[in-house]
Amino acid sequence: MSAADPYCPDLRALLVETAGDLGIRARNGGTVVVIQGPRFSTRSESKWFQEMGWDTINMTAYPEGYLARELELCYANISMVTDHDVGVEGAEPVSHEQVVTVFEENNAKLRELLFAVIPKIEPPGSDHLCVTALRGARM
């Protein structure tokens, strides 16, 4: 089973479109690095993540994407970015309090997005990428 593109392109497009309709800033695409958490990165880790070209650091994007693909479910990730890690030269490291404050602000936007997008989700067709993920994968 391929995990090259773990998220449903149709669900992702619907989320991005709906976010735009609601005036919620959303980025369509990027590369996430998943680290063990909960914890903050060291300066060296943060620099390395940037040098590798990773856009978002996340502690919860794995294994959900793989599990959804194995179950042939449409799945998309909505990352709520709370901070710049320690990746801004000369800036103070992020604190737990700062993360919680931004998380609460983002959570309100997430709720708005989910309540708007869920009624728009249609069942995928029988030949859709997500529901055919295991074709040819079983031995």
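Because the structure is a prediction, the values reported are computed rather than measured.
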### Task
Any pair with a residue in residues 83-109 that passes ring pair (Phe, Tyr, Trp, His ring centres under 6.0 Å), sequence neighbours left out, goes on the list, sorted by first then second residue, please.
none
Between side-chain atoms of residues 107-130 and protein atoms elsewhere (two or more places apart, or another chain), which donor-acceptor pairs fall under 3.5 Å?
| residue | atom | partner | partner atom | Å |
| --- | --- | --- | --- | --- |
| K120 | NZ | T18 | OG1 | 3.2 |
| H128 | ND1 | C130 | N | 3.0 |
| H128 | NE2 | D10 | OD2 | 2.7 |

### Message
In this structure, would I78 and V81 fall into the same cluster of hydrophobic residues linked by side-chain contacts under 4.5 Å?
### Response
no
### Task
Taking side chain to side chain contact (heavy atoms under 4.5 Å, CB included) as the test, write out the residues that go with V94, two or more places apart.
F40, D83, Q98, V99
#### Entry: R39: partners by salt bridge (charged side-chain N to carboxylate O under 4.0 Å, His left out), with sequence neighbours left out
E45
### Task
Could you pull out all residues at least two apart from T56 that satisfy side chain to side chain donor-acceptor pair (under 3.5 Å)?
none
### Task
With sequence neighbours excluded, tell me which residues meet salt bridge (charged side-chain N to carboxylate O under 4.0 Å, His left out) with E51.
K47
### Task
Write down the atom of C74, the atom of C8, and the distance for their closest heavy-atom approach.
SG-SG, 3.8 Å
### Task
Give the cluster check for I24 versus M80: same hydrophobic cluster or not, with ILVMFWY residues linked at side-chain heavy-atom distances below 4.5 Å.
yes
### Query
Quick one: ring-ring contact (aromatic ring centres under 6.0 Å, His included) partners of Y66, sequence neighbours excluded?
Y62
### Query
For P93, does its backbone N or O pair with a side-chain atom of R43 as donor and acceptor, under 3.5 Å?
no
### Task
Sequence neighbours left out, what passes ring-ring contact (aromatic ring centres under 6.0 Å, His included) with F49? Give chain and number order.
W54
#### Entry: Minimal non-hydrogen separation, A133 against R69, with atom names
CB-CD, 3.1 Å
### Query
Which residues, ordered by chain and number, are linked to V86 in its hydrophobic cluster, where ILVMFWY side chains connect at heavy-atom gaps below 4.5 Å, directly or through other members?
none
Using a 3.5 Å cut-off and no angle test, enumerate the donor-acceptor pairs between side-chain atoms of residues 27-34 and protein atoms at least two apart in sequence or in another chain.
| residue | atom | partner | partner atom | Å |
| --- | --- | --- | --- | --- |
| R27 | NH2 | D55 | OD1 | 3.4 |
| N28 | OD1 | R12 | NE | 3.0 |

### Task
Under the side chain to side chain donor-acceptor pair (under 3.5 Å) rule, collect the residues that match up with T101, sequence neighbours excluded.
none
### Query
Looking at residues at least two apart in the chain, or sitting in another chain, which of them share a side chain to side chain contact (heavy atoms under 4.5 Å, CB included) with L73?
A68, L71
